[in-house]
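Since the structure is predicted, the reported quantities are computational estimates derived from the model, not experimental observations. As the structure lists them, so they are numbered: ligands from 1, and atoms in each ligand from 1. These values consider heavy atoms only, across backbone and side chains, with no hydrogens, waters or symmetry-generated copies.
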Amino acid sequence: MWKKRQGMRTCSTGSRNLDKLLGGGIATQAVTEFIGEFGAGKTQICFTLCVTAQLLLEKGGLDGNVVYVDTEGTFVPDRVAQIASVLGLDAHKVLGNIFLARAYNSSHQGLLIDHLFKFCPENNVKLAIVDSMIGHFRGEYIGRETLSERQQALNNQLHKLLRLTEAFNLPVVITNQVQANPATFFGDPNKPTGGNIMAHASTHRVYIRKGGKGTRVATVIDSPSLPENKTRFKITEKGIEDVQEGTEDAET
Ligand code: GTP
Ligand code: MG
């Protein structure tokens, strides 16, 4: 097992600080979950990773192709092209190395995940993204009586993703929204959706919240190997990048 762990790689997020928080970047052999409210920047992180994963190993990438399972129809190729161009890459080529799969409902999402076990090794895929993991489940299973069925189906998909990361030494990135708990009087009323199933299946959970002046704060909230630290980044034409310390942005 130790030997296998030595083969672990990381993929840069574009922000050095966020990479540091994650122990070098998004790790292979793990499911990394980004959690946050709408507009937090989860999809922007995914877009940046679509580009950085294609970089050579010595440039912080994984030197491979990307699968993007889009469940909400929010993949914007122009934005990915912009990030690629700003990073000095051929945007056309970068887009050509991203396999986009639109999932139309939760069972379709399950079929796509099943297919990854064949698709990833055959197409030199080094990163798989599911944005968002739980959107369809929330929309389809309404009411308390369907909860256990929903959690079972979700659990099944999450465990397949975890198996995928181990079988092919690649990272899986998933996104998740937060749900307001109206019964909260003190502290943050928002909590990640998906309950315990989601919490246990993800290896690393990272909470993103909006900071002042357009910055974002990322906090590791659950991980077997990372300390519960936080850091700041911002969304720019480069995708995501560091906030320069000592500037006005850093103080908010
Ligand atoms: P949901 O999917 O709704 O849960 O949100 P999300 O967390 O995926 O948010 P997303 O990643 O879509 O972030 C949206 C934010 O990114 C917007 O509020 C913008 O501030 C920022 N953003 C989007 N596109 C650009 C861009 O081209 N340039 C810059 N600088 N910022 C952008
Ligand atoms: Mg999104």
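- Each of the atoms 6 (P), 7 (O), 9 (O) of ligand 1 lies under 4.0 Å from some heavy atom of A40.
- R79 NE, 3.7 Å is the protein heavy atom nearest to atom 25 (C) of ligand 1.
- For the pair G39 and ligand 1, a heavy-atom separation below 4.0 Å is found.
- Residue Q44: no N/O/S atom is found under 2.8 Å from the Mg ion (ligand 2).
- Below 30°, between 30° and 60°, or above 60°: for H108 and Y104 the angle between ring planes is below 30°, a parallel geometry.
- In summary, the atoms of ligand 1 found under 4.0 Å from a heavy atom of Q82, numbered by their order in the structure, are 27 (O).
- Taking the six-membered ring for Trp and the full ring otherwise, the centers of F34 and Y207 sit at least 6.0 Å from each other.
- When K42, K238, E237 are ranked by how near their heavy atoms come to atom 7 (O) of ligand 1, first place goes to K42.
- Residue contacts with ligand 1, taken as heavy atom pairs separated by less than 4.0 Å, involve Q177 solely via side-chain atoms from C-beta onward.
- Q29 and N169 share a side-chain donor-acceptor pair at under 3.5 Å.
- Checked by atom type, the side-chain pair H136/S106 shows no donor-acceptor distance below 3.5 Å.
- The side-chain heavy atoms of L49 and V66, taken from C-beta on, include no pair separated by under 4.5 Å.
- Among all heavy-atom pairs drawn from L95 and A81, the shortest one is CD1-CB, 4.1 Å.
- For the pair K234 and ligand 1, no heavy-atom separation below 4.0 Å is found.
- For the 3.5 Å distance criterion, the side chains of Q157 and Q109 qualify, holding a donor opposite an acceptor.
- N156 and K160 share a side-chain donor-acceptor pair at under 3.5 Å.
- For F99 and F119, the ring centers sit closer than 6.0 Å to each other.
- Looking at atom 23 (C) of ligand 1, its nearest protein heavy atom turns out to be Q44 NE2, 3.3 Å.
- Numbered from 1 in the order shown, with element, the atoms of ligand 1 that lie under 4.0 Å from a heavy atom of E37 read 7 (O).
- Each of the atoms 2 (O), 6 (P), 8 (O), 11 (O), 12 (O) of ligand 1 lies under 4.0 Å from some heavy atom of T43.
- Atom 32 (C) of ligand 1 is approached by the protein to below 4.0 angstrom, counting heavy atoms only.
- Near G41, with a cut-off below 4.0 Å to any heavy atom, the atoms of ligand 1 are 6 (P), 7 (O), 9 (O), 10 (P), 11 (O), 13 (O).
- Closest non-hydrogen pair, K234 versus D242, comes out as CE-O, 3.5 Å.
- When non-hydrogen atoms are compared, ligand 1 lies under 4.0 Å from the backbone of I235 as well as from its side chain.
- Relative to atom 20 (O) of ligand 1, the option among E241, E72, R216 with the closest non-hydrogen atom is R216.
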